[in-house]
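Step one of this worksheet: look at the structure below.
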Amino acid sequence: MKIVEGFFRFWWDFIIGDDWKIAAAIATVLVIAALVISGTSPAGTWLAIVLGAALVLAFLVSLTVDVRRG
């Protein structure tokens, strides 16, 4: 049982890490991307650019919130 617990603890620390807000923002962008892809048949080029920009924006917003707090 300790092996399973250690496995999940590793992945929790690896994905969530010190800042859960960045992980939540990235997960939100990925969920929205999955909904867009399932609803339409988009061209890969513009979708990659939009998702890349959304990931960078989500990271910057999370970072800005953390910097302003303290």
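The analysis underlying the following values was restricted to heavy atoms, covering all of them including side chains, and did not include hydrogens, waters or symmetry mates.
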Please answer: with hydrophobic residues joined when any side-chain heavy atoms are less than 4.5 Å apart, are Val31 and Leu55 in the same cluster?
no
Answer yes or no: does atom CD1 of Ile3 have more than 12 heavy-atom neighbours from other residues, nucleotides or ligands under 6.0 Å?
no
Side chain of Thr28, backbone of Ala24: donor and acceptor closer than 3.5 Å?
yes
Is the shortest side-chain heavy-atom distance between Phe8 and Val4 below 4.5 Å?
yes
Answer yes or no: is there a donor N or O on one side and an acceptor on the other, between the side chain of Ser62 and the main chain of Phe59, under 3.5 Å?
no
Measure the acute angle between the ring planes of Phe14 and Phe10, then classify it against the limits of 30° and 60° as parallel, tilted or perpendicular.
parallel
Given side chains that start at C-beta, do those of Glu5 and Arg9 come closer than 4.5 Å, heavy atoms only?
yes
Quick one: pull up CD1 in Ile26 and CG in Leu51 and give me the separation to the nearest 0.5 Å.
12.0 Å
CD1 of Ile37 to CG of Leu30: how many Å apart, nearest 0.5 Å?
9.5 Å
